[in-house]
Amino acid sequence: MTKWLRSQIDAASGKKKAEFVLKNALIVNVFTESVEHGDIAIDGGRIVGIGTYEGEAEQDLDHAYVCPGLIDGHVHLESSMVSPAEFERAVLPHGTTAVITDPHEIANVSGIAGIKYMMESTEALDMDVYFMLPSCVPSTVLDESGAQLEAEDLKPLYDRKEVLGLAEMMNSYGVVEGQENYLRKLSDADFKRRAIDGHAPFLSGQKLNAYVAAGVLSDHECSDADEAKEKLARGQWIMIRQGTAAKNLDALLPLFQSPYYQRAMLVTDDSHPGDLIQNGHMDALIRYAIRKGADPIRAIRMATLHPAQYFGLNRTGAVAPGYVADLVVFRDFQEFSIQAVYKAGKIVADHGLFCGKKKVEKTWDQDIEERVFHSFHAHPITMDDLKLKEQGSQQRVIDLVKRELITRERIVQWSMQPGYAPGVDVSRDIVKLVILERHRYTGHMGIGFLGNYGLRKGAVATSIGHDSHNLIIAGTNDSDIMIAGNQVIEDEGGLAIAVGGKLVAHLALPIAGLMADAPVEHVEQKLEEMKTYLKTLGISQDIDAFMTLAFVSLPVIPKLRLTTFGVVDVETQKVVNPLF
């Protein structure tokens, strides 16, 4: 070790040539929020000096900018719908050199086996993948998942070096009420001196105080600046989310100002492959923020130094001596178009092309094979299953809110129209919504009504349903609902569209019903074809048909959701009637 350190010191002091030098760089200094001209000397995978240096190998950057490698402080890799290796291939050319992932999607399906699959899948990647342990599996008692993880299940995983803490504590209600199972998880993370992430939309006042007092250090669910400022004032870090479904950056632009930006970071949370390939990853968030008027270096700092500081990633997140040489080269701030990416001083992406390690095929143990790759356990849907059991003169509609994950309640008069399922009224933008339990052959099914989705005919089915990932189907008639749903069951997970009594398209997602075992380009092409087709069926241009549908079953975000138990009022955590 001292030999390596002596080599670092000798290269830094100019006593010997550095292994590699990036010459003539415009260096983004995230400490001083300034740009300086100089060479970047790299030795042993670390930056050893900024100034004038000679190297055994050199690359003249011709006054291109260099900033630290980008870090996504909160992402669910499963939401990319591709394997971790394919996710890396998509995002590394966009400058993302590290991510902090919460594998609660696959944990809700496959339990500890799912978490181990994600950890083993990321071990050999160039990109650093760190983990936050899922805190809410299932998210609440009103959700049915494929596993239940208690504090004792999670505790052994804290010994792994890639585990940084406890992931988003979604059940803020349970924390504030002092429910024992959540307190144990919080106490374990606190004892290990690890970060604890939050998830508490609209939590305020004394309840917020209680939540923060419990050790929850961050929040990524703020939908307006006032909410974010209150949480900042109580000591939380704010994760400004801009993903495929939830886009909060516009509303949180005031946080790019002093002093708020000093405890804020940029995150994606959930991103579909289309966004990753067409728009980018963390670079897209920085680019968007700059175009909206944010200071460029502050935006970069919020995607580099700040997540590194929050998660305790020492020697990461800056271009400075002693820091890991994770570097991004770009030409100008306005376009923020990534030219090259270096990981520990080695080039891993060049002008948009991935040039890192090749994918290594793995053999999985029996537990992972069974729990992850054969996770669908549901009988085919019949027409009788879809019949409404209740009767009433009014119906309760779960209304989507544009560009938000929250929903609203709409009460309307009961509708019966020829050619549509009872309760469906496309003139009022109301379709039928079905959730089928798919983990244990229980046959449990929730039926309700979805508003503002835009679908005018046919049905859409998906096995991606946050967070328990039961089978979700939205449709205008029972026949198409049955056909689309049964195709997903046959594929052991995936997406499907049915129209006029026929299957139109489907995409298999055999990895826990969440991810495809296929190249990201193939998944992106198929997904875009399906979403484009859905536009012809009425889905709005500004709605991601599948990602939006995936969140209607998450019973921890107000106001209404649908689970296998029925329509849930999130604020009271009670099941309410869809008809009355």
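You'll find the side chain of Ile115 reaches within 4.5 Å of the side chain of Leu149, heavy atoms only. At a threshold of 4.5 Å between non-hydrogen side-chain atoms, the residues Leu507 and Asp491 do not count as touching. When side chains are defined from C-beta on, Met127 counts as touching Val91, because their heavy atoms get closer than 4.5 Å. The closest side-chain heavy-atom distance from Ser110 to Tyr117 is not below 4.5 Å. Asn248 has its side chain out of reach of Asp250: every pair of non-hydrogen atoms, C-beta onward, lies at least 4.5 Å apart. Looking at Ile472 and Val434, their side chains never come closer than 4.5 Å, going by heavy atoms from C-beta outward. Within the 4.5 Å cutoff, no side-chain heavy atoms of Met515 are placed close to those of Leu509. Side-chain contact between Gln573 and Val141 is absent, with no heavy-atom pair separated by less than 4.5 Å.
Listed for the Asn108 side chain is no donor-acceptor partner under 3.5 Å among the backbone atoms of Glu105. Between the side chain of Asp126 and the backbone N or O of Lys357 there is at least one donor-acceptor pair closer than 3.5 Å. Here the side chain of Ser135 pairs a donor or acceptor atom with the backbone of Ala167 at under 3.5 angstrom. Remark: side-chain polar atoms of His444 are not paired, donor with acceptor, to backbone N or O of Tyr441 under 3.5 angstrom. Using modelled atom types, one side-chain atom of Arg194 and one backbone atom of Val163 make a donor-acceptor pair closer than 3.5 Å.
Exactly one residue among Glu168, Glu404, Glu221 makes a salt bridge (charged side-chain N to carboxylate O under 4.0 Å, His left out) with Arg241. That residue is Glu221. Screening Arg408, Arg410, Arg561 against Asp399 for a salt bridge (charged side-chain N to carboxylate O under 4.0 Å, His left out) leaves a single residue, Arg410. When each of Arg396, Lys574, Lys559 is checked for a salt bridge (charged side-chain N to carboxylate O under 4.0 Å, His left out) with Asp569, only Lys559 meets the rule.
A donor-acceptor contact closer than 3.5 angstrom links the side chains of Ser218 and Asp197.
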Q: Given side chain to side chain contact (heavy atoms under 4.5 Å, CB included), test Asp72 with Asp269 step by step and report yes or no.
A: CA-CA 8 Å; Asp72 191 342; Asp269 198 2; over 6 Å; no
Q.
Run Ile196 and Leu186 through side chain to side chain contact (heavy atoms under 4.5 Å, CB included) and show every step you take.
A. CA-CA 8 Å; Ile196 301 173; Leu186 292 166; 3.7 Å; yes
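If you take NZ on Lys116 and OG on Ser121, they are separated by 13.5 Å, rounding to the nearest 0.5 Å.
Ring-centre distance between His76 and Phe87: not below the 6.0 Å cut-off. The aromatic ring centres of His377 and His439 sit 6.0 Å or more apart.
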